[in-house]
Structures are given as C-alpha cells and as structure tokens.
Amino acid sequence: MKKNLATKYDHSAVEEGRYDKWVKAGYFTAGDKSKDPFTIVIPPPNVTGILHIGHAWDNTLQDIISRYKRMQGFDMLYLPGMDHAGIATQARVDARLKSEGISRYDIGREKFLERAWQWKEEYAATIRKQWAKLGNSLDYTRERFTMDEGFNDAVRHVFVTLYNEGLIYRGWRIINWDPEARTALSNIEVNYQDDPGKMYYMRYRVSETGKEFTVATTRPETMFGDVCVVVNPKDERFKDMIGMHTVNPANGEELPIIGDDYVDIEFGTGAMKCTPAHDPNDFLIAERHGLSKPICMNPDGTMNALAGVFEGMDRYECRDQLIDRIKAEGNLIKIEDITHNVAHSERTNCVVEPYLSQQWFVKMKPLAEDVLAHQKNEEEKIHFYPERFEKVFSQWLENIEDWCISRQLWWGHRIPAWYNKETGETYVSETAPEDPENWVQDEDVLDTWFSSALWPFSTLGWPEETEDYQRYYPTSTMVTGYDIIFFWVARMAFQGRHFTKNRPFRDVLIHGLIRDAKGRKMSKSLGNGIDPMEVIDQYGVDSLRFFLTTNSTPGQDMRYIPEKVEASWNFINKLWNASRFVLMNLPDDMTMKDVDLSVLSSSDAWILSKLNLVLDHVTENMEKYEFALVGNELYSFVWNDFCSWYIELSKASLSDTDPSVVKGAQSTLLVMLNSIVRLLHPFMPFVTEEIYQMMPHEKESICLETWPEKTANLPVTDLEGMDRLISVISKIREVKTANDLKPGTHLDIVIRDLDGNTVQVGATERAMLERLAKVSYCPDLAGELSVHPVTGGSLYIPSGQLMDVEAETLRLNQEKDRLEKELDRSEKILSNKGFLAKAPKEKVDSEKQKQTDYRRQLDAVLARLSELGR
RNA sequence: GGAGGCUUAGCUCAGCUGGGAGAGCGCACCCUUCACAGGGGUGAUGUCGCAGGUUCGAGUCCUGUAGCCUCCACCA
C-alpha cells in the first residue's frame with residue numbers, strides 16, 4: 001500500500017490510467033436502488049468540434065456536484081451525451097466537402113448524411129477522450145445522442161402531439177432568412193450589430209396632383225417588392241394624398257398611397273415605402289389592407305424575375321446599380337451615411353434577410369404561460385442560482401413570439417409531415433403514410449433546439465415510461481451558461497412542463513463566460529482561445545479544475561489567468577508534500593482501525609476542532625453551489641492551519657517520549673489527511689485518489705468514500721491555551737524580526753495569563769516552542785523582563801536578550817498607543833446606549849470581554865514602563 | 001427605450017443573511033540538511049466609484065448619480 005512519494009507532485013504520473021480504472025470498475029454507473037437518486041444531465045456538446053475551456057468549466061462544475069452527491073450517499077447519475085447541432089455541423093461538413101472540391105448538392109441528401117454521420121462519429125470519439133481527461137464521472141452506459149433512435153421517436157411524438165393540439169402550425173410568415181446557409185432562422189439565432197450603412201432619399205410624385213414628396217430606404221433593392229406607399233392619416237402634410245397613387249422609381253409601376261397609424265409622423269420623411277414580403281412590419285400593414293406580398297429575391301440572396309434586368313444579380317450589387325439608375329433619372333435626392341442595427345446570422349454572420357416564406361411554427365403563448373404559472377410555486381418552480389437569472393428567464397417567456405422550427409437543412413430531424421401529390425392534403429404522423437407513392441415528405445428538418453429541449457427527459461427513455469425515467473426524472477441540477485438561457489433552459493422548461501407535467505430540473509446553476517487575461521471574449525478570429533487539453537498537459541487536470549471552480553462567483557464571468565492555474569498547482573503540490581510528511585510519520589502497518597483519538601495533545605484537539613468548523617462551512621456552501629467559498633476555505637485551512645501550524649506542531653509530539661502522545665499525533669495526522677483528501681476529492685479527483693491509495697484507507701477507491709463528518713466527542717483540552725501558544729510563537733518571530741535577531745537566536749521566555757499568573761506549559765508544548773520559535777520556557781524567569789501582549793496573556797523575555805532600554809521604551813509606547821486606541825474603541829461602543837439596548841447580547845458580551853482583555857494587557861505594558869522609569 | 005452586472009490593495013478577484021477590510025499573484029527584508037525553495041518567516045499598501053438616506057452600527061440595505069460591460073427590444 002504505502003510507497004515513497006516523490007518530493008514533487010507529478011500530474012502526469014498521478015493521472016495516468018486512473019480514469020479508465022474508475023470507469024471499468026463501474027464507480028460512475030448509477031443504479032443503486034437503496035439510495036436516493038440525484039441526477040445531472042450534461043449539456044450535450046455539439047459534435048461540430050472539440051471541447052473548449054468553457055466546456056471544461058461547465059463540466060467541472062457538474063462533476064464537482066456529482067462527486068459530492070455520490071459521497072453524500074446519493075445514487076448519482078451524471079448522464080453524458082451529444083447534440084447533432086444541425087446548422088453548425090452541416091456547415092462544417094459542407095466546408096469539408098468544399099475542401100474536396102464538391103458541394104452537398106453534387107452528392108445528394110443521402111450521401112451527404114452519410115458524410116455527416118462519419119463526421120459525428122469522429123468528433124464523438126474525440127469528445128469522449130476529452131471528457132476522460134477532464135475526469136468527468138459520467139455514466140457511459142446511458143450515453144445518448146440527439147439523433148439516436150429513441151430521440152427520433154421522442155421528437156416525432158412531440159411534433160405530432162403539438163400539431164394535434166394546435167400548438168404547431170405551418171404558415172406563411174416573415175422569418176429571418178440566412179441567404180448563405182439558405183435556411184430560416186429563429187429570432188434568437190440572429191444577432192444585431194451596429195453597421196455603417198446608407199440611407200437613400202428618393203423623389204416620388206403623386207400621380208394625381210404631381211406633388212413631390214420624399215421616401216427614404218436603407219434597402220433600395222427591395223423596392224421591386226413594394227406594393228404601396230404609406231403615410232399616417234393624421235399627418236397634415238400627407239393626409240390628402242391617401243387614396244391617390246404614385247410611381248415606384250424602381251420599376252415604374254403605379255403604387256397606391258394608403259394611410260396607416262404605424263407610420264411615425266415624427267420619424268424620417270413621414271412617408272414610407274411598403275415591402276410586405278421583406279419586412280415584418282410591412283407584412284402586417286399589407287395584412288391589414290389586404291394587399292399582395294410579392295417576393296423579389298431568391299433564397300440565395302440574388303434578385304428574382306420581379307427585378308427585371310437585375311434578375312440573378314446579388315442583392316447588394318442590385319442595390320448599387322439600381323441607385324445609379326435612379327440617380328441618372330434624377331430621382332435620387334441624397335445619400336446619407338448612417339449607422340444602423342443590422343441583423344446577422346448567428347452561424348454564418350451574413351446579413352439576414354427578412355423573408356416571406358412558408359415555415360413551421362410552435363405557438364408559444366400557452367406553453368410559456370404554463371411555465372410562468374408554475375414558477376410561482378416553490379415546489380414546482382425551477383430555482384435559479386443566482387436568483388437574478390430567473391427574471392431574465394421569465395421576462396423572455398412573458399414577451400415570447402412564435403418559434404420558427406423548420407430549417408432548410410439536411411442534417412437533423414426530418415419534419416414528420418407529408419403532402420398528398422394529388423390533393424395537397426397535409427398528413428402529420430409519427431409514421432409514414434401507408435401509400436407512400438402518393439405522398440411526398442416535407443423536405444425540411446427541425447431546429448436543433450427542438451430536440452435539445454427534450455434532453456432531460458428523453459435521455460431517460462421518455463416517452464416510454466422507463467425505469468430510469470421514473471427514477472431519475474425530474475433531474476436535480478442543471479449547470480449551464482447564461483448565454484443559453486433562452487436557447488435551451490427556457491425551451492426545456494416549457495417542453496418539460498407540457499409533456500412531463502413537471503419541471504425538468506429543480507435547480508439550475510448559471511455560470512458566466514470565460515474570457516482571456518485581458519477580459520476579451522475568446523474567439524477564433526482573435527486567436528486568443530485556450531485549449532483546456534494544453535493546460536492539462538502543462539499543469540494537470542486537477543489544477544485546471546481547481547482554478548476553474550474557485551475563481552468566480554456564480555453567474556459572473558471569469559478571466560483565464562495562467563498565474564492562477566499555477567497557484568492551483570502550487571496548492572496541490574503543497575497537499576502532496578503534506579501527504580508525504582504524514583505518510584513518512586505513520587507506522588508502516590497502521591490502518592484506519594488503529595486510529596485512537598482518546599488521548600490527544602492540545603494541538604491535536606485544536607486542529608480537529610478546527611476541522612469540525614470547516615466541515616460545517618464547507619458543506620453549507622457546497623449545497624449553495626458556492627464553490628469559490630469552499631475552495632478558498634479549504635485552501636487556507638490546508639495551507640495555513642494544517643501545514644503551517646499543525647504539521648509543524650506535530651513534529652514535537654511525534655518525537656515525544658510518551659508513546660501515547662505519539663499515537664495521538666499519528667492518529668490526528670491520519671484523520672486530518674483522510675478528511676482533507678475527501679473534502680478536496682470533488683475538486684481534484686486524481687491527486688486525491690493517488691494519495692488515498694497510498695495512505696491507510698478503507699474503500700477500494702476514494703470514489704466510493706463518504707463525505708467527511710465531524711469528529712464527535714473530542715477530548716476536552718485547553719484549546720484557548722493552544723491559541724495562546726500560537727500567538728506566542730508568532731509574537732516571538734515578530735520580536736526577532738523587529739530586533740534584527742536571526743530566526744535561530746535563542747531566547748528565554750515565560751508566559752503569564754491575563755490575571756498575571758504564570759502559565760504552566762507541558763513538556764510537549766515546550767518542545768513546540770523550542771522547535772517553532774527557538775525559545776526555552778522558563779517559569780521562574782527573573783530580572784528585567786520586557787513584556788509583549790499576546791492572545792490571552794502576555795509574553796515575557798529577559799530584556800537583556802533583546803534591545804536597549806531606549807528602543808524598548810519606544811516599542812512599549814507604541815504598544816501602549818495601540819492598546820489605548822483599542823480601549824477607546826471599546827469604550828465608545830460600550831457607552832453607546834443604543835448599542836447596549838439593541839445589539840445582540842453575544843455581541844455586547846464579546847465587546848465587554850475584549851475591553852477587559854485590552855485593559856489587562858495595557859496594565860502589563862504600563863507596569864513595565866514604570867519599571868523602566870518611563 | 002427596458003433589464004441586469006461590475007466599480008474593494010499595483011494586477012485579478014472574494015467578502016453569504018449589516019457588528020473591527022480579505023485571498024492569490026506582485027513587492028521589501030530575513031531564513032537552505034530534518035514534507036515542500038514552485039518552500040518557510042516577517043512586513044508595507046485600501047477616504048470599499050461618488051452623493052444622500054435607513055440604522056446604535058453600512059463595503060454589505062434603500063434612493064440618486066458617474067464610468068465600464070452584457071442582455072432584450074428596435075422605425076422606413
């Protein structure tokens with residue numbers, strides 16, 4: 001079992017082969033029915049590529065919760081899976097084909113899908129390797145894919161059900177069209193950004209009167225789809241024109257002039273051209289007035305026959321040439337440079353065209369309202385951590401519009417709708433029509449988020465009433481970034497509510513984005529992305545995990561700072577060496593059964609009682625997903641309390657002549673290390689497993705260990721005396737530094753308590769003083785003694801061993817000032833009647849206690865000063 | 001236009017339900033066999049953005065305000 005540890009933590013040696021062993025042993029396979037279930041489903045990564053550091057962050061948070069819950073005795077299911085990521089993957093496969101000099105249209109739908117599946121398998125394998133490197137405790141026996149058989153069934157079932165309920169419909173609407181990908185997009189798949197543009201002002205004439213007026217547009221090419229000019233009926237300038245006509249400068253066609261309240265009198269020229277097929281507001285105007293909606297563009301962004309001579313020309317080229325012509329005809333008044341908000345496709349980044357087309361939609365209002373109603377009930381609501389994101393979520397649902405779910409792609413779930421070749425009748429069903437020769441299936445596929453929305457329940461077997469679904473649903477905690485609250489969290493919420501009559505998860509932990517060291521978003525174009533695998537190679541995955549989870553507050557962005565990863569490495573190295581020390585000082589044959597805490601030195605009891613406190617805080621914060629607080633507390637506890645103080649103090653106990661003292665220290669060291677590695681295991685699974693295996697232990701793996709519990713019935717020892725001893729050691733170090741004495745300089749000391757009585761110090765504690773402060777304890781010390789206030793008393797050192805009288809007087813006067821200031825503060829607070837009357841009793845008592853202590857310490861200082869004759 | 005976040009030590013950030021300002025890195029000085037020099041010890045540095053208010057007491061709660069950032073909506 002035990003072996004010698006290297007003096008330096010070597011992450012590659014520690015991590016080597018470990019994950020495979022865990023997986024093979026089945027530690028991550030859920031299913032122990034004797035325990036309560038706890039479920040996390042992984043947010044399925046896209047099979048478009050490899051995992052970035054954001055995934056590493058997201059996954060580590062999930063894994064920390066998973067390992068913690070497993071240790072707490074839950075039947076933990078952490079379910080893995082991947083997303084087919086329709087448009088994104090199709091774009092990647094397209095690009096690969098292009099590099100081979102072919103397009104998807106050359107090989108056709110079927111062949112293309114073969115290539116896409118090939119791509120999927122390739123990247124799925126890479127992603128699984130990356131999960132392994134990250135140490136994710138996933139149950140691979142339950143891995144799912146959004147396009148596997150079960151998912152296909154679930155998606156069809158959902159589509160057909162919603163259709164039959166009237167919540168899915170097909171219709172002609174203005175949608176966001178991506179001319180590059182040649183597909184419709186949903187509202188949230190477009191991003192608005194400020195772009196430079198031009199406003200073109202053109203001269204129109206009223207046919208009936210010849211009166212001139214101005215119409216402006218940013219998109220002249222759409223003029224081929226204009227059906228009227230609109231003015232506000234209340235607009236004094238134009239109201240007489242209503243009912244008259246004008247001529248479209250683009251094609252010479254006569255257009256009616258109509259009145260509609262939509263036009264803002266104050267804005268622009270007050271007269272607006274109306275293109276129903278290429279603008280959502282114009283569409284509504286046309287609906288109101290019963291106007292036609294001619295489309296003037298092709299799906300690829302070129303002009304169609306309506307554009308006459310410009311047919312086949314790119315929309316921007318057409319814009320320029322049309323304007324040249326209008327200018328030549330004398331109808332261009334001016335061109336103004338403007339900055340305007342332009343919609344871009346989230347995927348291809350090309351300018352999105354509002355476009356009239358026939359698509360499938362989900363009617364959102366009833367679904368959203370259902371979720372919102374349940375958010376009012378504590379037992380049924382989804383709890384957001386941090387809470388503020390619930391507002392973001394709710395507000396979006398309150399203002400939701402119908403969801404365009406059809407996509408003109410090949411990679412995805414084909415819409416289960418067929419159209420009769422003869423009658424045009426629509427047939428929507430989970431299965432194909434019985435006479436397929438008479439029907440043709442809808443060519444389109446569903447938005448990739450349509451299937452992701454079913455993730456928390458479909459992965460568990462739904463719509464079948466499987467054992468897993470019944471046991472693990474609703475899931476416990478969802479961990480994801482704020483950037484996909486709308487895309488994903490909200491959609492899981494309403495599909496979950498509608499189909500399972502339940503929330504898909506009880507809690508959702510929202511994290512931020514990871515940025516580069518300068519605070520910039522990581523992006524391909526900037527080339528500032530961090531590959532988590534490279535970080536792992538350099539520092540080890542435990543360092544990365546600890547860095548990622550202890551450097552931010554929930555919901556807040558984080559910067560990737562290499563020095564902080566290094567700091568994590570240093571901490572692990574510290575833990576490693578502390579383990580080394582413990583193992584070197586335990587008997588070879590010691591087991592956990594040999595632990596005996598019945599006889600303990602005050603330092604043993606002191607550290608164990610500190611551990612008890614830490615356990616309370618840590619467990620409380622783990623429950624609140626406050627991992628940074630947990631990490632910081634463990635860091636400081638391990639480094640300062642355990643390593644800097646307890647281990648150093650234990651060196652004295654370990655060389656004590658009394659075997660029971662030695663035994664107590666060894667038992668304490670073992671209990672401490674055992675508890676520490678268990679507490680840190682969720683954060684750093686690899687190194688804690690390595691240490692666990694080398695030290696006395698009870699379980700086959702630390703993965704099977706329980707979460708530490710407080711040590712009960714600690715023997716009553718002098719904990720205050722220990723605090724005083726620690727304070728004395730620090731004070732001696734200070735005194736030596738202040739007196740320019742080498743740390744090794746030997747001094748004699750005596751300690752007196754606050755009542756002035758000499759403190760009796762046992763042999764073990766004397767050895768500690770000797771070891772940590774290089775002083776001898778002399779209860780009978782006599783002669784000139786300089787006084788130094790410490791916690792719970794005063795420290796005395798022969799003044800001859802320190803500095804001259806003048807220097808000591810100076811120092812004592814400084815002490816006096818300090819103590820008097822403290823006393824001032826105490827008196828100020830304690831003479832405040834409001835404080836005495838309203839502050840909690842414990843607070844008042846502790847202030848009184850402090851006042852007494854300061855008073856006594858000051859007395860000791862004053863006594864010495866008068867001894868020195870001031 | 002609406003919503004939210006941030007502003008605390010030179011840098012990056014903690015600070016939970018209000019009760020004497022913290023961490024990591026950096027900086028200064030000192031210390032090497034005895035777990036760790038990627039270490040140990042000691043120390044310096046903050047009108048907690050600004051202005052009001054509530055309170056016995058405010059970095060923490062309320063109101064207003066400035067700067068930076070994000071999301072939502074969006075008019076030719």
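Residue numbers start from 1 in every chain, and the chains themselves are labelled A, B, ... in the order their sequence lines are given, proteins ahead of strands.
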Practice problem: Could you list the residues that satisfy side-chain hydrogen bond (donor to acceptor under 3.5 Å, both in side chains) with A:R771, not counting sequence neighbours? | Solution: none

Self-check item: Under the side-chain hydrogen bond (donor to acceptor under 3.5 Å, both in side chains) test, residues paired with A:D616 that sit two or more places apart
Solution: A:K710

Across the strands shown, which category fits [X] at heavy-atom distances under 4.0 angstrom: base, sugar-phosphate, nothing?
X	result
A:Y9	nothing
A:I647	base
A:T553	sugar-phosphate
A:A567	sugar-phosphate
A:T275	nothing
A:Y854	base

Pairwise [atom1] distance, [M] and [N] [rounded to whole Å]:
N	M	atom1	answer
B:A44	B:C50	C1'	28 Å
B:G59	B:U47	P	14 Å
B:C13	B:C6	P	12 Å
B:C27	B:U65	C1'	36 Å

For a quick test of reading the model: is some side-chain N or O of [X] closer than 4.0 Å to OP1 or OP2 of [N]?
X	N	value
A:K742	B:C31	yes
A:R388	B:G4	no
A:K736	B:C31	no

Quiz item: Do you know the tightest heavy-atom contact between A:D557 and A:L513?
Solution: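 Result for this residue pair: OD1-N, 2.8 Å.
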
Exercise. From the options B:A14, B:U12, B:G20, select the nucleotide whose nearest atom is closest to the side chain of A:R825.
Key: B:G20

Quiz prompt | Out of B:A35, B:A14, B:C13, whichever nucleotide has its closest atom nearest the side chain of A:A578 | solution =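 Nearest to the side-chain atoms of A:A578, counting from C-beta on, is B:A35.
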
Quiz prompt | All pairs passing salt bridge (Lys or Arg N to Asp or Glu O under 4.0 Å) where residues 564-579 of chain A contributes a residue, at least two apart | solution = none

Quiz prompt | Pairwise salt bridge (Lys or Arg N to Asp or Glu O under 4.0 Å) hits with a residue in residues 386-395 of chain A, at least two apart | solution = A:K381-A:E390

Practice problem: Carefully, step by step, assess A:V229 and A:F213 under the rule side chain to side chain contact (heavy atoms under 4.5 Å, CB included). | Solution: CA-CA 11 Å; A:V229 167; A:F213 64 100; 3.9 Å; yes

Treat primed atoms plus P, OP1 and OP2 as sugar-phosphate and everything else as base, then score [range] 5' to 3': B for base contact with protein heavy atoms under 4.0 Å, S for sugar-phosphate contact only, - for none.
range	answer
nucleotides 57-64 of chain B	--------
nucleotides 68-76 of chain B	---SS-BBB
nucleotides 42-47 of chain B	SS----

May I have the distance from [X] (atom [atom1]) to [N] (atom [atom2]), rounded to whole angstrom?
X	N	atom1	atom2	answer
A:K833	B:U55	NZ	P	18 Å
A:E563	B:U12	CD	P	12 Å
A:N551	B:C25	CG	C1'	11 Å

Quiz item: With nearest nucleotides of RNA chain B determined for A:F642 and A:K391 from heavy-atom distances, which residue corresponds to the more 5′ nucleotide?
Solution: A:K391

Quiz item: Tell me the side-chain hydrogen bond (donor to acceptor under 3.5 Å, both in side chains) pairs involving residues 618-628 of chain A, sequence neighbours left out?
Solution: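 For residues 618-628 of chain A, and leaving out neighbouring residues, the side-chain hydrogen bond (donor to acceptor under 3.5 Å, both in side chains) pairs sorted by first residue read A:Y68-A:E623, A:K69-A:E623, A:Q72-A:E623, A:T477-A:Y625, A:D507-A:Y625, A:T619-A:W707.
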
Quiz prompt | Where at least one partner belongs to residues 636-647 of chain A, residue pairs that pass side-chain hydrogen bond (donor to acceptor under 3.5 Å, both in side chains), sequence neighbours excluded | solution =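 Qualifying pairs: A:D604-A:Y646.
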
With a 3.5 Å cut-off and sequence neighbours excluded, list the donor-acceptor pairs that the side chains of residues 257-275 of chain A form with protein atoms.
from   : atom 1 : to     : atom 2 : distance (Å)
A:D260 : OD1    : A:Y262 : N      : 2.8
A:D260 : OD1    : A:R288 : NH2    : 3.1
A:D260 : OD2    : A:R288 : NE     : 3.1
A:D260 : OD2    : A:H289 : NE2    : 2.7
A:Y262 : OH     : A:N281 : ND2    : 3.0
A:D264 : OD1    : A:E266 : N      : 2.9
A:T269 : OG1    : A:T214 : O      : 2.8
A:T269 : OG1    : A:A271 : N      : 3.3
A:T269 : OG1    : A:A271 : O      : 3.1
A:K273 : NZ     : A:T222 : OG1    : 2.8
A:K273 : NZ     : A:D226 : OD1    : 2.8
A:K273 : NZ     : A:D226 : OD2    : 3.4
A:K273 : NZ     : A:T275 : OG1    : 2.7
A:T275 : OG1    : A:D226 : OD1    : 2.6

Quiz item: Do NZ/NE/NH1/NH2 and the carboxylate oxygens of A:E847 and A:K828 come within less than 4.0 Å?
Solution: no

Quiz prompt | Residues A:K518, A:D516: salt bridge by 4.0 Å N-O rule | solution =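 No, A:K518 and A:D516 are not salt-bridged.
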
Within the sub-3.5 Å range, which N or O atoms of nucleotides 36-39 of chain B have a protein N or O partner, and how far apart are they?
from  : atom 1 : to     : atom 2 : distance (Å)
B:C36 : O4'    : A:N577 : OD1    : 3.0
B:C36 : O2     : A:K574 : NZ     : 3.0
B:C36 : N3     : A:K574 : NZ     : 2.9
B:G38 : O6     : A:K8   : NZ     : 2.4
B:G39 : O3'    : A:K574 : NZ     : 3.4

Exercise. Tell me, with the steps shown, if A:E815 and A:R818 meet salt bridge (charged side-chain N to carboxylate O under 4.0 Å, His left out).
Key: CA-CA 5 Å; A:E815 286 281 15; A:R818 197 197 100 230; 2.6 Å; yes

Practice problem: Using a 3.5 Å limit on both pairing distances, list the dot-bracket string of RNA chain B from the 5' end; Watson-Crick and G-U wobble pairs count, crossing pairs take [ ], interstrand pairs take |. | Solution: (((((((..((((.....[..)))).(((((.......))))).....(((((..]....))))))))))))....

Exercise. Begin from the C-alpha positions of A:Y9 and A:W569 and carry the test ring pair (Phe, Tyr, Trp, His ring centres under 6.0 Å) through to its verdict.
Key: CA-CA 9 Å; A:Y9 156 60; A:W569 190 97; 5.6 Å; yes

